[in-house]
Amino acid sequence: SAVISQKPSRDICQRGTSLTIQCQVDSQVTMMFWYRQQPGQSLTLIATANQGSEATYESGFVIDKFPISRPNLTFSTLTVSNMSPEDSSIYLCSVEVLLPEGVTQYFGPGTRLTVL
Amino acid sequence: AQKVTQAQTEISVVEKEDVTLDCVYETRDTTYYLFWYKQPPSGELVFLIRRNSFDEQNEISGRYSWNFQKSTSSFNFTITASQVVDSAVYFCALIGNNAGNMLTFGGGTRLMVKP
């Protein structure tokens with residue numbers, strides 16, 4: 001498995017500001033992912049972040065709003081820019097781990113964001 | 001396209017009852033992986049199990065058991081003798097071999113276990 005930490009664990013922000021969320025994993029991984037979970041909803045993939053290349057965004061998410069960095073194999077950041085109350089969600093990073101029996105994604109503890 | 005359906009949005013049981021959470025999936029991939037995750041009120045997503053598409057053996061882990069049936073595209077999760085600590089939202093998810101490692105989640109089932 002993988003041990004993943006996220007900072008901050010929660011934050012309350014004013015609209016129009018930006019917040020950068022950090023994701024740190026205890027081992028080197030190729031693929032990292034960022035998800036959003038709006039209140040009472042399931043998880044939606046924002047983007048895939050591979051080290052050494054630009055992040056790949058899913059439909060409905062754009063780099064200007066959610067810029068991502070992936071400077072090395074153990075770390076990534078997601079920035080939520082120009083926030084509005086609709087951005088209030090839990091943001092989770094995950095990593096893909098390849099095991100002999102197959103692929104698995106492990107998740108960080110999440111960042112609970114409230115935008116006023 | 002991949003799709004995961006969890007028809008039960010909310011289930012309420014009394015402690016010590018058995019409960020089954022349903023999961024039905026759709027994929028065109030011949031090789032895929034199915035998962036169950038638990039999300040307690042604290043918000044983190046806890047990995048419970050992965051099942052490969054070529055392995056239809058059912059699995060038991062303590063009070064948890066999983067029934068994988070390719071014929072009905074189902075991967076159901078049973079908790080035996082439920083406990084209050086089992087209260088959480090449970091997500092079923094799927095990765096298809098040709099889906100670029102994209103994890104597709106079901107809508108989740110909120111399980112409430114009352115004392």
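Given the structure is predicted, the values throughout are model-derived calculations rather than measurements. Quick note on labels: first sequence line is chain A, next is B, and so on, each numbered from 1.
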Asker: At a heavy-atom separation under 4.5 Å, does Gln37(A) approach chain B through its side chain, its backbone, both, or neither?
Answerer: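 Side chain only.
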Asker: Is there side-chain contact between Leu45(B) and Leu43(A), with heavy atoms separated by less than 4.5 Å?
Answerer: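 Of all side-chain heavy-atom pairs linking Leu43(A) with Leu45(B), at least one is under 4.5 Å.
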Asker: Who among Gln6(A), Gln105(A), Glu58(A), Gln41(A) has the most heavy-atom pairs with chain B under 4.5 Å?
Answerer: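 With the most close heavy-atom pairs to chain B, the winner is Gln105(A).
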Asker: Around Glu54(A), counting heavy atoms of other residues, nucleotides and ligands shown, do more than 12 lie under 6.0 Å from its CD?
Answerer: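 Open.
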Asker: Is Gln6(B) in contact with chain A via its backbone, its side chain, both, or neither, using a 4.5 Å heavy-atom distance?
Answerer: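 For Gln6(B), neither part sits under 4.5 Å from chain A.
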Asker: If you count heavy-atom pairs within less than 4.5 Å of chain A, which of Val46(B), Asp55(B), Asn52(B), Thr31(B) leads?
Answerer: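 Looking at each option in turn, the highest pair count goes to Asn52(B).
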Asker: For Tyr33(B), which atoms come within 4.5 Å of any heavy atom of chain A: side chain, backbone, both, or neither?
Answerer: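 It is the side chain, since no backbone atom gets that close.
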Asker: For the residue pair Tyr37(B) and Phe107(A), establish whether any side-chain heavy-atom pair is separated by less than 4.5 Å.
Answerer: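 Yes, their side chains come closer than 4.5 Å.
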Asker: Would you say Met102(B) and Met32(A) are hydrophobically clustered, going by side-chain heavy atoms of ILVMFWY under 4.5 Å?
Answerer: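 Both belong to a single hydrophobic cluster.
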Asker: For residues Arg50(B) and Val103(A), determine if any side-chain heavy atom of one lies less than 4.5 Å from a side-chain heavy atom of the other.
Answerer: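 No, every pair of side-chain atoms sits at 4.5 Å or beyond.
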Asker: Under a 4.5 Å side-chain heavy-atom rule over Ile, Leu, Val, Met, Phe, Trp and Tyr, are Leu34(B) and Tyr64(B) clustered together?
Answerer: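 Per the 4.5 Å side-chain linkage, Leu34(B) and Tyr64(B) are co-clustered.
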Asker: Should we count NZ of Lys70(B) as having more than 12 external heavy atoms under 6.0 Å?
Answerer: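 Yes - once you tally the heavy atoms of other residues, nucleotides and ligands closer than 6.0 Å, there are more than 12.
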Asker: So, the side chain of Ser42(A) versus the backbone of Gly108(B): is there a donor-acceptor pair under 3.5 Å, distance only?
Answerer: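 No, because the side chain of Ser42(A) does not come within donor-acceptor range (under 3.5 Å) of the backbone of Gly108(B).
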Asker: Give, for atom CD1 of Ile95(B) and atom OG1 of Thr104(A), the distance between the pair rounded to the nearest 0.5 Å.
Answerer: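 Spacing of CD1 (Ile95(B)) from OG1 (Thr104(A)) equals 7.5 Å.
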Asker: Around Leu116(A), counting heavy atoms of other residues, nucleotides and ligands shown, do more than 12 lie under 6.0 Å from its CG?
Answerer: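 Yes, the 6.0 Å shell around CG holds more than 12 heavy atoms from other groups.
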Asker: Say you draw a straight line from CD of Glu44(B) to CD1 of Ile4(A); how long is it, rounded to the nearest 0.5 Å?
Answerer: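 The distance works out to 12.0 Å.
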Asker: Flag yes if Trp34(A) and Ile90(A) sit in one hydrophobic cluster, no otherwise; membership is Ile, Leu, Val, Met, Phe, Trp, Tyr, and two members link when side-chain heavy atoms are under 4.5 Å apart.
Answerer: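 No.
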Asker: Report which part of Thr9(B) has an atom under 4.5 Å of a heavy atom belonging to chain A: side chain, backbone, both, or neither.
Answerer: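 No part of Thr9(B) comes within 4.5 Å of chain A.
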Asker: Evaluate the side-chain proximity of Leu103(B) to Tyr35(A): yes if any heavy-atom separation is below 4.5 Å, no if none is.
Answerer: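 Yes; the side chains approach each other to less than 4.5 Å.
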